[in-house]
Amino acid sequence: MGIKSEYALLGGFASIGLSLTSWLISRGNRKHSKAQSDRWGIFVGHWAPTFFAIGLALRLEEKK
């Protein structure tokens with residue numbers, strides 16, 4: 001399909017950065033409570049393991 005393992009791994013690292021960024025932005029918004037900010041960070045943070053797992057699976061397929 002043309003999807004390289006590096007793309008998925010980069011997506012994992014990007015989602016970690018996006019998680020931190022969304023948490024910081026939400027914390028800066030006075031309308032959001034601390035719990036709401038934490039939910040935003042956790043929601044995006046759950047993407048990272050998925051991207052890393054896909055990246056590892058693609059890497060194993062590339063080595064075959």
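These figures come from a predicted structure and were not determined experimentally.
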Hydrophobic cluster membership, with links at side-chain heavy-atom distances under 4.5 Å among I/L/V/M/F/W/Y: are [X] and [Y] in one?
X	Y	answer
Leu20	Trp47	no
Val44	Ile42	no
Leu58	Phe51	no

Is a donor on one side and an acceptor on the other found under 3.5 Å between the side chain of Ser26 and the backbone of Trp23? no
If you apply the rule side chain to side chain contact (heavy atoms under 4.5 Å, CB included), what do you find for Phe52 with Ile16, and how did you get there? CA-CA 11 Å; Phe52 288 137; Ile16 291 171; 4.1 Å; yes
Between [X] and [Y], what is the shortest heavy-atom contact and its length?
X	Y	value
Gly55	Ser5	O-CB, 3.3 Å
Glu6	Arg59	OE2-NH2, 4.3 Å
Ser22	Ser19	OG-O, 3.0 Å

